[in-house]
Amino acid sequence: MTSAPAPGAPPVLSAQALTKTYGTGQSRFDALKGVSIDVHRGESLAIVGKSGSGKSTLMHLLALLDRPTTGAVEIDGEDAASAPAKRINHLRNDRFGFVFQQFFLTAQQSVLENVTLPLLVAGVPPRERARRGMAALDSLGLADKARNRANDLSGGQKQRVVIARALVNEPDVIFADEPTGNLDTATGTQVEDILFGLQRERGITLVVVTHDEDLAERCDRRVTIADGLITDGAGR
Amino acid sequence: MRTADVIGNAARNAFRSRLRTTLTVLSLFVGAFTLTLTTALGAGVNEYVATQVATVSTGDALLVAPAVASETTEGPTPFEADGRQQATQPNPLGSGTLLNAADLETMRGLDGVDLVEPVRMITLDWVAADGADEDARFELDINPSSSLGRSDLVAGDQLDNGTDAAQVVLQEDYVAALGFDDAESAIGETVELGYTDAAQAEQTIEAEVAGIARTSLFAAGAGTNESLTDAVTEAQAIPGQPEAYVLAVAHLDGTGPDGAVTDQDVDDVKALLADADLTGQTVEDQLGVIQTVINGIIGVLSAFSVIALLAASFGIVNTLLMSVQERTREIGLMKAMGMSDGRVFSLFSLEAVVIGFLGSAIGAAVAIGLGTVISSALAAGPLADLPGLTILLFDPVNVLLVIVVIMLVAFLSGVLPARRAARQDPIDSLRYE
Ligand SMILES: Nc1ncnc2c1ncn2[C@@H]1O[C@H](COP(=O)(O)OP(=O)(O)OP(=O)(O)O)[C@@H](O)[C@H]1O
Ligand SMILES: [Mg+2]
């Protein structure tokens with residue numbers, strides 16, 4: 001690790017006593033029942049647990065994609081609950097990169113257009129978008145595929161495009177939900193290598209949700225979720 | 001997201017599903033096409049009527065006729081020795097009752113009336129070039145109001161009522177018949193006019209051609225100036241018969257700046273005339289009825305195109321709802337990446353506007369193209385008798401207005417789907433299978 005957290009610096013992400021309840025009445029379901037967790041700058045954190053235990057829910061709350069029922073999330077010490085929607089949008093756009101459980105590529109668009117989507121949202125001018133998109137693709141060895149339709153790539157290539165999209169805006173934190181779930185072991189390992197390479201070389205913080213023991217093993221730290229509570233590994 | 005990118009992406013997204021968009025555009029096309037044509041028809045006909053009004057109206061005169069008698073008692077109307085005469089033949093300008101000398105005196109005595117000229121009907125039998133043979137004579141209709149109105153001239157000047165010389169304004173189709181090279185060369189030439197006097201004797205009179213007029217909807221027939229009318233009227237008057245006129249023209253005193261006749265002046269005199277059992281109408285009043293009818297017909301036609309547009313707008317709603325549905329994940333992704341609700345809304349509503357623009361612009365363009373062809377074909381064929389009539393008049397302002405209105409309709413249709421997209425929860429969208 002190139003950037004060990006400075007002593008006393010606030011964690012990048014800090015969650016206190018998060019609960020998340022879906023539905024009401026009969027269909028009421030507590031997906032999270034009080035989770036507190038800190039994510040430090042530059043570290044890689046694995047969130048593991050059985051299917052349906054609440055891993056994705058926790059990641060969504062940490063990534064400010066959703067608001068907790070109770071509890072608070074802080075970004076660099078700034079309380080997210082009190083921030084206006086515009087600020088939250090900006091934080092996500094500027095500081096976070098996302099790799100979701102599915103690829104979520106727009107099939108008819110070119111690879112380059114898919115990769116530069118966060119820059120398009122940010123309002124970066126077209127030329128600059130293309131330049132940074134090409135740089136991101138280049139770092140993942142996909143520069144020659146930039147003009148292809150996203151649909152025409154193999155599964156492994158698609159996942160690399162998704163990672164290029166996650167890092168094109170030079171985020172502080174990359175959230176990855178099952179980044180290797182759809183890939184075979186060899187390709188999965190290749191994608192893992194890329195992610196840990198980014199953490200090592202660029203000091204990007206990784207929050208990885210996974211079933212995969214090997215992937216969890218490679219992370220600096222892991223927490224296990226069961227029935228909406230942390231059952232193993234220190235939250236802080 | 002930059003505004004230019006929003007517009008660019010909206011336009012591109014509109015064409016992601018090419019067939020669907022094309023069909024929606026087509027339904028808008030139908031509405032835009034008919035709306036452009038009906039507004040053009042309205043503009044064309046109204047424009048024509050307006051220029052025709054200008055040819056017959058001097059703006060400061062009222063056409064006065066006896067008020068239509070309203071029977072208040074049952075049974076036959078009692079005879080009055082000095083009452084008005086009934087016309088022996090129907091005439092289009094006045095009512096069945098004729099004006100008499102007393103009526104003219106009454107009018108002259110009204111406040112606000114400057115001058116009263118009775119309209120006299122004269123009948124001419126033929127017209128011929130000066131010194132022409134008997135077989136080169138042509139029948140001639142006289143427009144009774146020609147001495148007061150102005151003609152839509154192609155050459156020469158309006159009739160001069162101040163001169164002692166007899167003048168005529170002839171219609172365009174007499175130019176060649178009377179042996180003139182063109183309208184211009186007929187001006188100032190003398191023609192011979194034949195009529196029958198009160199004693200049934202044939203008479204001829206010479207007149208100078210003052211102008212050549214375009215055939216017009218409301219001023220059909222040749223025009224004669226006062227001096228010519230006087231001469232013929234005198235010869236045709238049956239001795240001993242009291243004066244009777246179909247119509248009189250009351251020229252008004254203006255109280256406005258520079259002696260201009262204001263609407264108030266016209267209304268005042270109309271009220272006074274009504275008290276005297278007379279009715280006064282401006283030429284505009286008379287033509288207003290025609291315009292109301294035309295506008296009514298155009299309105300009904302336009303209503304049909306509006307119905308077509310309404311149907312098309314549901315098409316837009318449907319198209320965009322499908323588009324939003326299909327792109328649920330993409331919307332979720334963009335929102336996860338920090339795109340604001342407002343921008344998502346703009347992206348989809350602009351897509352609707354793009355569809356609206358395409359439909360309306362293509363519809364208007366085709367309407368103009370086809371309409372111009374039809375219009376000139378009609379002008380050369382069935383409508384050749386109404387020169388100066390452009391049946392379909394494509395006013396750029398109207399065309400632009402049609403396009404803007406349809407784009408607005410499209411935008412409004414896009415509101416519901418766009419709102420649905422904007423309100424989508426990114427998490428739900430990303431979970432969407
Ligand atoms: N919108 C929702 N409405 C109702 N229940 C929900 C909703 N979203 C999630 N849940 C429930 O919350 C629980 C946690 O879901 P979550 O997606 O966090 O699981 P997970 O740990 O990521 O599982 P997996 O490993 O299968 O992805 C599940 O039981 C799920 O059914
Ligand atoms: Mg999950």
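Letters A, B, ... mirror the listed sequences (proteins, then strands); counts begin at 1.
Within a 6.0 Å sphere centred on OH of A:Tyr22, heavy atoms belonging to other residues, nucleotides or ligands number more than 12. When the shell of 6.0 Å around CZ of A:Phe103 is examined, it contains more than 12 heavy atoms from other residues, nucleotides or ligands. The number of heavy atoms from other shown groups lying within 6.0 Å of CG (A:Asp76) is above 12. Crowding of A:Arg149 atom CZ: a count of heavy atoms from other residues, nucleotides or ligands under 6.0 Å exceeding 12. At most 12 heavy atoms of other shown residues, nucleotides or ligands fall within 6.0 angstrom of atom CZ in B:Arg419.
If you take OG1 on A:Thr57 and CD1 on B:Ile427, they are separated by 8.5 Å, rounding to the nearest 0.5 Å.
Interface summary for chain B: among A:Lys86, A:His90, A:Gln109, A:Gln101, the most heavy-atom pairs under 4.5 angstrom belong to A:Gln109. When B:Met337, B:Glu330, B:Met339, B:Met334 are compared by the number of non-hydrogen pairs under 4.5 Å with chain A, B:Met337 comes out ahead.
Across all non-hydrogen atoms, the minimal contact from A:Phe104 to B:Leu333 is O-CD2, 3.3 Å. Of all the heavy atoms in A:Val124 and B:Asp5, the pair that sits closest is O-OD2, 4.2 Å. When all heavy atoms of B:Lys335 and A:Arg92 are compared, the pair lying nearest together is O-NH2, 2.7 Å. Contact record, B:Ala336 with A:Phe100: CB-CZ, 4.1 Å, taken as the closest heavy-atom pair.
Residues that satisfy the salt bridge (charged side-chain N to carboxylate O under 4.0 Å, His left out) test with A:Asp66, not counting sequence neighbours, are A:Lys20.
Contacts between B:Arg343 and chain A at a heavy-atom distance below 4.5 Å are absent for every atom of the residue. Of the two parts of A:Arg129, only the side chain, counted from C-beta on, holds a non-hydrogen atom closer than 4.5 Å to a non-hydrogen atom of chain B.
The closest side-chain heavy-atom distance from B:Arg2 to A:Pro126 is below 4.5 Å.
For the pair B:Arg327 (side chain) and A:Thr106 (backbone), a donor-acceptor distance under 3.5 Å is absent.
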